[in-house]
Amino acid sequence: MTITDDLQKLLDIVPQDLRQILESHPRRDSLVEVVLDLGRRPEARFPHSAEYLSETPVTQEQIDDCISRVGIFGGDNRAGIEQTLHRISAIRNRTGKIIGLTCRVGRAVFGTIGMIRDLVETGKSILMLGRPGVGKTTALREIARVLADELNKRVVIIDTSNEIAGDGDVAHPAIGRARRMQVAHPENQHQVMIEAVENHMPEVIVIDEIGTELEALAARTIAERGVQLVGTAHGNQIENLIKNPTLCDLVGGIQAVTLGDDEARRRGSQKTVLERKAPPTFEIAVEMQERQRWVVHESVADTVDTLLRGRQPSPQTRTVDDTGKVAIARQLSVVNGRAPQQAVGEESFASARPSNGWRSSGQMVALPLLSPERERVSGQSEFDRLLDESFNYSESIDFAAPRHPGPNGEDLPLHIFPYGVSRHQLEQVISVLTLPVVLTKDIDSADAILALRSHVKNHAKLRQMAKARHVPIHMIKSSTIPQITRGLRRLLNMDDPELADDRELQLFLHSGSDDEMDALEEARLAVEQIVIPKGQPVELLPRSAQVRKMQHELVEHYRLKSHSFGDEPNRRLRIYPA
């Protein structure tokens, strides 16, 4: 990388005693900024550290002397030095008098965008995110130069604080052939953005620090006119923009939508969910976490949709070493703030997924609605609550858990996508029988689909999705304990036992009342002591409709037939031999 900083021009404006110290400082080339505050010791800041330049406090005369050597301070309290990229920011007291200065070193770093050059050449709009001081403006300046000089695009820079192309009427050579439009008042930046498109026929618009709703709307207008946008915004991650009501339009905006009953049931979510409102203004987002480590979201739309469903995006992590070699990895980052689970090289990513069996939850869980009274007390709208919950949601699936071969060669645990089958009953069967099965809400991560036969017949889309993903569908007649148990045993290639063991009988006695347990014990004894060994039919005592239904399920578990006969309240079960 080639670095141009014109550092001497910045040092020329600071007081003479401080200038001499900085000129001979061993870390001069890595100086970030010089801070001069009235009545405090002058301070020099370097990457990851800071030190005092003198034990003598700064005086008002020294500050006034510095101000006389720089340009005019604009509405954003920033000034520059002619033909340089340095920025001098002022702190004023209540009467408007300047009592503090931050003199930041501006450097043109040629070659800094080697990590994302391939993305710049695609012609898609790019949003750079990162905390202050991480190098967003430097990268923006280099992108403008590459687009103008090397890709021969018509580039216009909207330079609000003269930070990209330097102070003065003549732009700094670091932006190459790109043109620069200055902004008289920062609050009018959005108007200058529109003016640039209407008057100067650009192919690319470069904007630094999009921070207001009007600027976000202007950016969307420009993108809709077919102009490539390259901009920056403060925020470490895309999640920060989604939660920022002022800037969320940059990533498409968020709205609450109400699903139909069938769609909510299919998703396994509540009826009111959050979805993206429109296509994102910027198609690619780059999170500048460190100067040498950037996280790239190649499709902002997919990332936002994934986050709103409580799932984990898989962005690229790009790093560059001292030799300039760029390494690209695909990282599974977690939404709720935990450490990344796993990162693999880009080359091995495609083949790693099926072998490692990564699983994700797929949807948001159903959440209770806030009553109007609770909403007033908490001060939080239903929309905000949904947004917070969607980021904090995670399903208790161990992504790093190893999969081992079962007795018939299949990978265990088996991940099953239930469709139309009671999830509560499925979890009950899996828990009581300790089956190696994990339920998933994402059909892409399923090994098989367990569905009701009636639902599959009326759902052609499910059959098409399963066929496209090569996921087998196993059907059961009804969502009952015996049918679910039998279906899971078929999926695991397990033989049905001739007689039910104690664990399987616990499925029917699970949290039952005394009357229900007596009725089931009566049916079990009748089956095991009379119907099966003697081959004779048996009539049971009269029971309620709910208890008879449980007895029918138990009899079905033994592969026998039963019918209810008689009139209420004497209606009872008759069990027939096979």
Checklist entry - Hey, mind stepping through Val304 and Ile254 against side-chain contact (heavy atoms from CB on, under 4.5 Å) and telling me if it holds? => result CA-CA 9 Å; Val304 173; Ile254 312 300; 4.1 Å; yes
Checklist entry - Taking it one step at a time, do Val300 and Leu127 satisfy side-chain contact (heavy atoms from CB on, under 4.5 Å)? => result CA-CA 10 Å; Val300 173; Leu127 179 65; over 6 Å; no
Checklist entry - Can you check side-chain contact (heavy atoms from CB on, under 4.5 Å) on Leu426 and Leu488, steps first, answer last? => result CA-CA 9 Å; Leu426 268 168; Leu488 292 177; 4.1 Å; yes
Item to check | Test side-chain contact (heavy atoms from CB on, under 4.5 Å) applied to Leu217 and His190, step by step | outcome: CA-CA 8 Å; Leu217 291 173; His190 63 283; over 6 Å; no
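Here the straight-line distance linking atom CD1 of Ile473 with atom CD1 of Ile449 works out to 4.5 Å at 0.5 Å rounding. Rounded to the nearest 0.5 Å, atoms OG1 (Thr122) and CD (Glu283) are 7.5 Å apart. One finds the NE2 atom of His552 at 8.5 Å from the NE2 atom of His563 (value rounded to the nearest 0.5 Å). Taking CZ from Phe417 and CE from Met465, the interatomic distance works out to 7.0 Å, rounded to the nearest 0.5 Å. Distance CG/Leu450 to CE/Met475: 10.5 Å, rounded to 0.5 Å. Atom-to-atom distance recorded for Arg220:CZ and Leu250:CG is 8.5 Å, nearest 0.5 angstrom.
For the pair Leu554/Val527, no side-chain contact is recorded, criterion being any heavy-atom separation below 4.5 Å from C-beta on. Residues Leu129 and Phe282 are not in side-chain contact: their nearest non-hydrogen atoms beyond the backbone lie 4.5 Å or more apart. Within the 4.5 Å cutoff, side-chain heavy atoms of Lys549 are placed close to those of Glu553. Looking only at side-chain heavy atoms (C-beta outward), Gln292 and Thr319 stay at 4.5 Å or farther from each other. You'll find the side chain of Lys277 stays beyond 4.5 Å of the side chain of Cys248, heavy atoms only. Inter-residue side-chain proximity for Gln464 and Lys467 is flagged as unmet; no heavy-atom pair is nearer than 4.5 Å. Side-chain contact between Phe565 and Arg572 is present, with heavy atoms from C-beta onward closer than 4.5 Å. Using a 4.5 Å heavy-atom cutoff, the side chains of Lys271 and Asp261 are in contact.
Under a 3.5 Å cut-off, the side chain of Arg318 and the backbone N or O of Met115 do form a donor-acceptor pair. At distances below 3.5 Å, not a single donor-acceptor pair connects side-chain atoms of Arg571 with backbone N or O atoms of Ala545. Judged by distance alone, the side chain of Gln536 and the main-chain N or O of Val531 form no donor-acceptor pair under 3.5 Å. Judged purely by atom type and a 3.5 angstrom limit, Arg548 uses its side chain to pair as donor or acceptor with the backbone of Arg543. Of the possible donor and acceptor atoms, none in the side chain of Asp305 sits under 3.5 Å from a partner among the backbone N and O of Asp302.
The heavy-atom pair separating Gly487 from Ile476 by the smallest distance is CA-CG2, 4.1 Å. For the pair Glu275 and Leu308, the tightest heavy-atom approach, listed with the atom from each and the gap, is C-CD1, 3.7 Å. Looking at every heavy atom in both residues, His234 comes nearest to Pro132 through CE1-CG, 3.8 Å. Contact detail for Gln551 and Glu522: the closest heavy-atom pair is NE2-OE1, 4.0 Å. Listed here is the closest heavy atom pair of Val134 and Arg291: O-CG, 3.6 Å. Among all heavy-atom pairs drawn from Leu540 and Ala523, the shortest one is CD1-CB, 3.9 Å.
Within 6.0 Å of atom CG in Asp321, more than 12 heavy atoms from other residues, nucleotides or ligands are found, so the atom counts as buried in its surroundings. Glu427 CD: more than 12 foreign heavy atoms inside a 6.0 Å radius.
Under the side chain to side chain contact (heavy atoms under 4.5 Å, CB included) test applied with Gln316, the options Ile328, Ile116, Leu119 reduce to a single match, Ile328.
Under 4.0 Å is where a charged nitrogen must lie from a carboxylate oxygen, and between Arg131 and Glu287 no such pair does. The pair Glu239-Lys243 fails the salt-bridge criterion, with no side-chain N (NZ, NE, NH1 or NH2) lying under 4.0 Å from an Asp/Glu carboxylate O.
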